Amino acid sequence: MSVSLSGIVMQYPGTRALDNVSIDFRFSEVHGLIGENGAGKTTLVSILGGSRQPTSGRISIDGIEFVLHSAGDALRKGIAHVSQEGSLVPGLTAEQNILLGDEPRIGFGIINKGELKRRAAELVGRWFPEVSIDLDRPVDSLPMADQKVIEIVRALRGDIRLLILDEPTATLPAREKENLWRIIKTLPARGIGIVLISHFLSEVKALSDRITVLRDGRHISTLAAADATEAQLVDFMLQRSGSVAAASTERAVERRLGDTVLDIEGWKAGAVEVDRFQVRAGEIVGLIGLTGAGHFGFARSIYTGEGLISGTCRFKGEVLKGIHARTMQKRGVAFIPDQRMENSLVADWDVRENLAMVHPQHATFGGSGVLSNTREVREASKIMSLLNVKAHSPSQMIKDLSGGNKQKVSIGKWLYGADERYSLMIFVEPTEGVDIGAKREIHGHLKRLAGQGTAIIVASSDLLEIGDVSDRVIPFVNRRASGEIDQGNFSENRFISAMAGVLQ
Amino acid sequence: MNAASPTIAQAKDTASGRARKDWMLKYSTLFALILLFLGFALTVDRFLTTTNLLNIVQQISMLTIVGAGLTFGFAAREMDLSVGYMVGLAGILVPLMLISGVPLPLALLGGIAAGVLVGAVNSALVTLVGVPSLIATLATGSILYGINFLTTGGRAIYGGLPETYLWFGQGQLLGIPVLAYAMMLFVVLAWFLMERTIFGRYIYAVGGNLKAAELSGVNGRFYRAAALVVCSLFAAVAGMLLAARLGSGQPNAGERYLLDGLATVFIGMTMFRPGTATVTGTFFGALFIGVINNGLNLIGMDTYIQSIVKGLIILVAVAIVSRTTKLKLL
């Protein structure tokens, strides 16, 4: 009684999202599916849910092989997918949502309201008798957990054997989570298998019977949840590609640390909490954590103030009021975000225009608002040679460059016109999708900038990178900064156990 | 993680293929314009005469100014649907003020102030209240329409307009209509602002990637607002010139400038930097519309058929841009 995937391969141009993955999902278990971003979880469940077709591999249900052409096809075979973002129609009532697309009719397309009420209530009662939800209320006025329950009930409308739940608790407050967990737990006993994707390891461990770990599109392990420790799971999830300690001893110059540049206290931004965080001039502080641990959000909130609820930020000794990208930039904070095409570059622009984005006044006629073409080309060429950007000219379109060269432009626009302008530079995933050579160059520039007295924060999921550039590392666990690792204690084991919340 | 990077040879190959496609796209509209011009020149007797060519320039001058303003809006990814009624409003206000004895310079300043005011209301709605510009300006346009008819009672305002004012719309300088100079002045001004100043660069930045611009420290709200103010301001200038040309203020005179103005920008977006609104593109877009209007007029084609032809041309232009670039208007 199971759905079996065997030898699933998903090939995209340039990348293999899934590489020969074979997993058995039983109809009597909660099967946790974990892995870092990009591990292939989403691709796997969209193949399972029929919305994507694998390049090769077989899917069989109870031993009979099938090809799933669409999500509807998968539904008819008994596989339903409840996605992370939610698929309820706001404004419609809970019962209307439950029977959306399958409304009982009187005829002529007119909905039989009484019958709809009865059937919706019956469905909820059948699956979750212990739950009481006001079904005639607009669904968006219900608590988040109830909305998830409504989505699950709708998914279970047909004859479902396997239910895929993608981050079902991501949007829920802690109290509501436990209610949903109890509900999910009841399904396998009634012959409905669950595939659970979640970033919360403790949740996966508590709920699942078995856990499968994916990494870089490969099936790493499937093990009984009772036997697994969180440290072991994290270990499976993360790539061990080299020795962190070895990299960190290659540090060229011992930098002299200056005064404290950034001093943050009692920081609460969104769900992220940090009691105290300091960076000194010339220091590189690495932030690490599993996906969703809050280190990226924290780094971003220092610059944008997004989701900031409380906290004081002292920058170069001065307490700052009103944290906002524009004001922080003027004060001397640079922010080089992740997902460069979305957050940092203008796709329709050439290299020159992108490089001039932050400081266009450096290529004007005598500091006026009038741009000088020749000066722009000259300034752009300077940055291109400083950072070794490979483009045939400053007028090459940014979208035609490779990932590494795009990333160099994304960094270079902050150095345009002058190198030492910023007292603090915050990097998020500075080498995301960047080849080894460019990665090494970018690391060199981080160290060079720190050597000039810039305070640097690097939030990254690349532990080798963190070990290579950082002077100390702050691990984040469940959206809290927890402890600190000194350079002398850098090791991959140490990082991994810190990210799993197991302090050694 | 390590996405396979194509070899240099491959990269060059695709780049040159794209370059060829880009080139064809960039200049096909210009080529069509030349063909159209030659076609009319060969088949219509009175087309290729100095008088008629100057007439074309005169006819498109207000349109070009409206289009140049709209180019700022499009570049910042904001739409202004109130420009037609703004043309009308300025074309009523200035004659009204002149007739009631306000000196010309003050009256012109008043017209400009009206443009800035309407632009400020539009941009406040868009950037402070958060109404999408398409909806906000549709509503303010409707309000302006009402004001235009209320203040005039639906009648034209004429008589007693000073000669100096009429000279802007009807006079000539060195054998060339004053309107042509006005058009060139505003086209060059708009081009200069957009292509050569930080102001224009940031308008393109907020339209090209608002999130990236704001994370780079650019005041996104300010530049979106500024683009909308320029839309109204240029429309006001066009309105003042239009009334001078007509010799009267007419409440419904500006209406066709909305659709035609949008058309100039759309046609312009197929040229030079496909998918991007540019002042040069808009200028040629206006020329395109001007040549078609004029040619069809000379042939004696019904104005309603002209409207259909124009609609088709807009569709073709937008279809080209949508299919070849990732055009996101809203």
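Chain naming here is simple, since letters A, B, ... match the order of the sequence lines and numbering starts at 1 in each. Note that the structure is predicted; figures quoted are calculated from it, not measured.
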### Task
Please determine if B:E214 and A:R326 form a salt bridge, counting it only when a charged side-chain N lies under 4.0 Å from a carboxylate O.
no

Quick check: closest heavy atoms across [X] and [Y], and the distance to 0.1 Å?
{"X": "B:G217", "Y": "A:Y303", "answer": "N-OH, 4.0 Å"}
{"X": "B:Y202", "Y": "A:P360", "answer": "OH-CD, 3.0 Å"}
{"X": "B:S216", "Y": "A:M357", "answer": "OG-CE, 3.7 Å"}
{"X": "A:P337", "Y": "B:L215", "answer": "CG-CD1, 4.2 Å"}
{"X": "A:K413", "Y": "B:A212", "answer": "NZ-O, 4.4 Å"}

Most contact-rich option vs chain B, by heavy-atom pairs under 4.5 angstrom, among A:V370, A:N373, A:I336, is A:V370

Answer key: most heavy-atom pairs under 4.5 Å with chain B among A:G404, A:G369, A:S368, A:A325 is A:G369

For [X], which atoms come within 4.5 Å of any heavy atom of chain B: side chain, backbone, both, or neither?
{"X": "A:N354", "value": "neither"}
{"X": "A:T327", "value": "neither"}
{"X": "A:K330", "value": "side chain"}
{"X": "A:R340", "value": "neither"}
{"X": "A:M397", "value": "neither"}
{"X": "A:S344", "value": "backbone"}

>> Under the criterion side-chain contact (heavy atoms from CB on, under 4.5 Å), I'd like the reasoning laid out for A:D348 against B:Y204: C-alpha separation, chi angles, the key distance, then a yes or no.
In response: CA-CA 10 Å; A:D348 291 334; B:Y204 276 125; over 6 Å; no

- Query: Which is it for B:K211 and A:Q339 under the side-chain contact (heavy atoms from CB on, under 4.5 Å) test, yes or no, and what are the steps along the way?
  - Reply: CA-CA 11 Å; B:K211 204 195 266 181; A:Q339 298 181 27; over 6 Å; no

_Apply side-chain contact (heavy atoms from CB on, under 4.5 Å) to residues B:I198 and A:L371 and explain how you reach the verdict._
CA-CA 7 Å; B:I198 293 178; A:L371 295 164; 3.8 Å; yes

Expected contact set for residues 116-129 of chain B against chain A at heavy-atom separation under 4.5 Å reads none

Residue set satisfying side chain to side chain donor-acceptor pair (under 3.5 Å) with A:E353, at least two apart, ordered chain then number -> none

When the 4.5 angstrom heavy-atom criterion is applied to B:F192 and chain A, the contacting part is side chain

- Verdict with supporting geometry, B:R201 and A:W349, side-chain contact (heavy atoms from CB on, under 4.5 Å): CA-CA 11 Å; B:R201 183 64 65 78; A:W349 276 3; 3.7 Å; yes

